[in-house]
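Since the structure comes first, as structure tokens, the remarks are kept for the end.
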Number of protein chains: 4
Amino acid sequence: MNVHSINKSKDMPRTREQFDEIRAKSRETIMQSALELFARRGYHGASVSMIAKNAGVSTGLMYNYFKSKTDLLEAIVKHGVMTIGEYMGDIESIEDPQERIAEMVEKTFQIALEDMPFWSLYFNVMMQPDLPEGAQRSFSEFIQSMFTGLEMMFAEAGMPDPEAEAKIFGAILDGVLLHYMFIGKDYPLENVKKLIIEKYSDRQSPK
Amino acid sequence: MNVHSINKSKDMPRTREQFDEIRAKSRETIMQSALELFARRGYHGASVSMIAKNAGVSTGLMYNYFKSKTDLLEAIVKHGVMTIGEYMGDIESIEDPQERIAEMVEKTFQIALEDMPFWSLYFNVMMQPDLPEGAQRSFSEFIQSMFTGLEMMFAEAGMPDPEAEAKIFGAILDGVLLHYMFIGKDYPLENVKKLIIEKYSDRQSPK
Amino acid sequence: MNVHSINKSKDMPRTREQFDEIRAKSRETIMQSALELFARRGYHGASVSMIAKNAGVSTGLMYNYFKSKTDLLEAIVKHGVMTIGEYMGDIESIEDPQERIAEMVEKTFQIALEDMPFWSLYFNVMMQPDLPEGAQRSFSEFIQSMFTGLEMMFAEAGMPDPEAEAKIFGAILDGVLLHYMFIGKDYPLENVKKLIIEKYSDRQSPK
Amino acid sequence: MNVHSINKSKDMPRTREQFDEIRAKSRETIMQSALELFARRGYHGASVSMIAKNAGVSTGLMYNYFKSKTDLLEAIVKHGVMTIGEYMGDIESIEDPQERIAEMVEKTFQIALEDMPFWSLYFNVMMQPDLPEGAQRSFSEFIQSMFTGLEMMFAEAGMPDPEAEAKIFGAILDGVLLHYMFIGKDYPLENVKKLIIEKYSDRQSPK
DNA sequence: TATGAATGAGCCTTCATTCAT
DNA sequence: CATGAATGAAGGCTCATTCAT
């Protein structure tokens with residue numbers, strides 16, 4: 001409440017701004033809770049009522065913010081993909097190809113570790129055909145755009161088959177993450193990361 | 001009809017062997033049907049009655065062969081893992097490390113293409129935490145054993161960090177497959193395969 | 001603005017009359033909106049929030065004027081029944097029995113055409129046992145009083161069985177309306193009206 | 001079980017015929033129960049679980065026989081309309097117009113009294129716009145065909161405006177039924193019936 | 001007086017599983 | 001060994017109603 005607040009009277013309706021704020025916060029809370037549970041228990045394993053309880057709200061409230069459970073998932077996916085896109089945008093501006101690759105590896109794992117639930121969801125959605133198409137499309141577009149970026153990078157670096165090169169690089173990142181998430185703390189993530197960077201730093205590419 | 005089915009006479013009750021044969025065939029049919037549907041629609045998206053209908057049997061019969069849907073999944077996974085283990089066993093007997101790696105890449109993709117439903121299930125189960133633990137354990141053991149084998153291979157080849165090396169090689173295989181299954185026919189699988197083999201054939205390893 | 005809204009001064013608090021006026025108007029608006037929707041979508045098919053939105057007010061406000069959805073329905077029904085009662089009162093004062101019947105037929109259809117939503121609600125409520133008892137009681141009393149009036153009319157006209165005669169006349173009116181509302185524009189309402197009047201005008205009654 | 005029964009063994013599956021019989025009986029039971037409750041409490045007021053409990057079966061069983069609650073309603077309506085159609089077919093074969101009308105009145109009320117729940121449903125569905133379209137269409141077709149039949153009858157009897165005449169006759173029947181169902185035992189149904197027949201028996205039509 | 005976010009009971013529906021035959 | 005009718009718990013979703021502002 002600041003001095004501009006013109007709405008102090010006890011029985012006046014809240015202002016538009018107040019409502020917007022409340023809405024934004026509730027939406028956020030619900031999405032957060034849902035992401036957590038989708039990651040931990042899978043889309044089907046996380047019921048709407050569980051999500052609500054976990055978020056500390058009533059079951060019905062979700063439907064005030066999302067048309068359906070499907071819609072909730074899609075919102076989460078879209079939001080996540082957008083966030084990552086922003087991260088990645090920063091990396092693409094790095095001039096030196098060598099450094100750019102190294103930074104990409106670093107950043108990818110850093111993001112992944114910071115936002116494991118989202119990546120869990122990523123693999124979850126990718127591999128489950130009975131999940132909302134919208135969510136899959138978002139990821140599909142994300143992957144395509146990643147590959148396009150990588151391809152340009154490898155082309156720029158003068159690789160003979162930049163497309164295949166991009167696919168392999170992408171496979172390493174996703175593959176490592178996948179195994180890491182499945183295996184857990186026993187996975188030697190640091191060493192693997194180091195080795196990847198090393199492989200991609202000698203001259204232009206692994207030979 | 002194999003040698004075990006020596007039919008005594010038309011009016012004799014079925015022999016133990018005949019029963020066993022019928023059982024084995026029914027089990028097989030059901031597992032086949034389930035694998036198909038699990039792959040196409042996901043574990044939750046494939047109902048028991050769908051599986052039964054697809055297999056041409058009654059719902060009840062399934063419970064004659066499998067304690068539960070969970071049990072059915074576990075049986076499929078175990079069987080699949082075993083089959084692959086046999087394939088891989090053959091490869092490990094190849095003397096020349098170079099050739100062994102090339103063969104491993106070749107074989108992996110060949111198997112994958114021949115048995116897409118199973119690999120679809122593989123990723124499906126790996127990334128869905130609300131699936132029967134037993135199935136996940138089977139895959140977990142499979143992965144561990146794969147990594148152990150790869151590690152030995154790279155150690156033998158004199159790599160400085162065989163563990164990380166194995167992880168990366170495994171990541172490439174799984175990553176490529178994952179992307180291939182998600183993206184579909186637009187994926188340049190042949191070129192990627194060639195590049196992988198190339199990378200791993202020069203001297204002992206990519207540098 | 002009618003004579004009641006004599007505004008004292010711009011800065012004076014609103015007078016009691018002004019408040020009452022606002023209340024009356026809001027009540028009216030909400031009832032109007034609800035009647036429309038009840039008619040178009042049925043009692044259960046029209047949600048409170050739909051009604052509020054359609055009336056241009058908030059959900060909460062409705063509960064300021066009506067204790068519940070049930071209460072709202074009852075208010076609408078009571079109001080409608082009262083209005084019709086007034087119309088009908090005028091007719092009863094017509095001296096000539098012949099003319100009175102003709103006028104009754106004319107008026108009934110005229111009112112019905114002018115206020116279709118209300119008559120839709122009328123039939124709706126009559127035939128839906130799970131609707132608020134209060135609403136049904138209002139209609140019940142209305143029907144009883146209609147029948148009483150008709151009975152007196154036919155008795156006065158010297159019919160042998162005025163009660164049955166009243167029931168049949170009432171049945172014709174309600175039956176025609178019911179069919180008209182269900183069938184819509186294909187219904188030959190004018191011809192039917194003419195024939196009814198004709199039947200009831202020759203001598204005292206149809207024979 | 002008769003002598004033809006070839007299926008006495010304890011653990012043989014039921015024959016096709018046995019299953020058909022079971023199915024037919026369950027379907028019937030559920031439809032009966034639903035009709036009762038739809039009539040007594042309205043479509044919305046009768047929940048699927050209530051219907052199931054009333055039928056003495058589990059909630060889920062309904063979905064073994066009907067795609068949805070909507071589908072159940074439509075099945076009931078179609079079945080009812082067909083049954084009435086058969087009744088009415090008999091009447092249309094009566095030669096003498098006078099007698100035919102009398103019989104039609106008699107029969108209509110007889111059927112109605114014998115099958116009140118269905119007629120309750122009839123009015124219920126007719127006047128509730130938020131009910132499955134399929135059910136309404138069935139009734140719509142039924143009404144149309146009734147009117148067509150009546151029109152032919154009145155045309156044959158040489159009435160000047162058979163269409164309007166049919167509408168009025170139909171209105172009387174539906175109107176009386178409607179009021180009878182709403183008012184209950186206080187309604188002088190017998191006298192009304194007598195008067196209707198009387199009105200329509202003098203010469204060809206009421207005058 | 002007016003707002004709309006929040007609640008939670010209750011509804012329709014699905015589906016793994018059981019069981020009489 | 002084989003059938004499919006029957007069960008009932010659980011899930012997604014709607015909506016009348018309340019309440020803080």
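Chain letters run A, B, ... following the sequence lines, proteins first and then strands; every chain starts at 1.
In this model, the phosphate group of dT13(E) is approached by a side-chain N or O of Tyr63(D) to a distance below 4.0 Å at OP1 or OP2. When the side-chain nitrogen and oxygen atoms of Ser26(D) are compared with OP1 and OP2 of dA6(F), one or more of them lie within a distance under 4.0 Å. For Arg23(D), a side-chain nitrogen or oxygen approaches OP1 or OP2 of dA5(F) to under 4.0 Å. Taking 4.0 angstrom as the limit, Asn64(C) places a side-chain polar atom (N or O) nearer than this to OP1 or OP2 of dT1(E).
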Can you give the dot-bracket line for DNA chain F, where a pair is Watson-Crick or G-U wobble with both atom distances under 3.5 Å, crossing pairs use [ ], and | marks a partner on another strand? .||||||||||||||||||||

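Ring-plane geometry between Tyr122(C) and Phe139(C) is classed as perpendicular, the angle between the planes exceeding 60 degrees on a 0 to 90 degree scale with a lower cut at 30.
You'll find that the side chain of Ser68(B) is closest to dT17(E), out of dT21(E), dG11(F), dT17(E). Here the nucleotide nearest the side chain of Arg14(D), chosen from dG4(E), dA2(E), dG4(F), is dG4(F). Proximity note for Ser47(C) (side chain, C-beta onward) versus dC15(F), dA5(E), dT7(F): the nearest is dC15(F).
Between Lys53(C) atom NZ and dA16(F) atom P there is a gap of 13 Å when expressed in whole angstrom units. For Asp130(D) and dC15(F), the CG to P distance is 11 Å, given to the nearest whole Å. Between the CG atom of Leu73(D) and the P atom of dC12(E) there is a distance of 12 Å, given to the nearest Å. With rounding to whole Å, Lys25(A) atom NZ is found 17 Å from dA20(F) atom P. For the pair Met62(D) CE and dC12(E) C1', the interatomic distance rounds to 9 Å; values are reported in whole Å. Between the CD1 atom of Ile22(D) and the P atom of dA20(E) there is a distance of 13 Å, given to the nearest Å. Separating the CD1 atom of Ile51(B) from the C1' atom of dC15(E) is a distance of 11 Å, rounded to the nearest angstrom. Atom CZ of Phe66(C) and atom P of dT17(F) are 13 Å apart (whole Å).
Residue order along DNA chain E, read from the 5' end via each residue's closest nucleotide, puts Leu61(C) first among Leu61(C) and Lys69(B). Summary of the strand contacts: Gly60(C) and Gly56(B) both lie near DNA chain F, and taking for each the nucleotide with the nearest heavy atom, the more 5' one is attributed to Gly56(B). When the nearest nucleotides of DNA chain F are assigned to Asp20(D) and His44(A) by heavy-atom distance, the more 5′-ward of the two goes with Asp20(D). Positionally, the nearest nucleotide of DNA chain E for Val57(C) lies more toward the 5' end than for the other of Ala46(D) and Val57(C).
Panel note: side chain Glu36(D), backbone Ser33(D); no donor-acceptor pair is recorded below 3.5 Å. Not a single donor-acceptor pair under 3.5 Å links the side chain of Lys78(C) to the backbone N or O of Gly134(C).
At a threshold of 4.0 angstrom between heavy atoms, the contacts of Tyr65(A) are confined to the sugar-phosphate backbone, with no base atom among them. Residue-level contact check: Val48(C) touches the bases, meaning some heavy atom is under 4.0 Å from a base atom. At the heavy-atom level, Thr59(D) lies under 4.0 Å from base atoms of the strands shown.
A side-chain contact (heavy atoms from CB on, under 4.5 Å) with Phe66(A) is found for one member of Leu73(A), Asp71(A), Ile76(A) and no other, namely Asp71(A).
Shown here for Tyr63(D) and Ser68(D), the closest heavy-atom pair between the two residues is CE2-CA, 3.9 Å.
Counting heavy-atom neighbours within 6.0 Å of His44(C) NE2, excluding the residue itself, gives a total above 12.
Taken to the nearest 0.5 Å, the OG1 atom of Thr59(C) stands 10.5 Å off from the CD1 atom of Ile51(C). Note that the CZ atom of Arg27(D) and the CG atom of Leu61(D) stand 11.5 Å from one another [nearest 0.5 Å].
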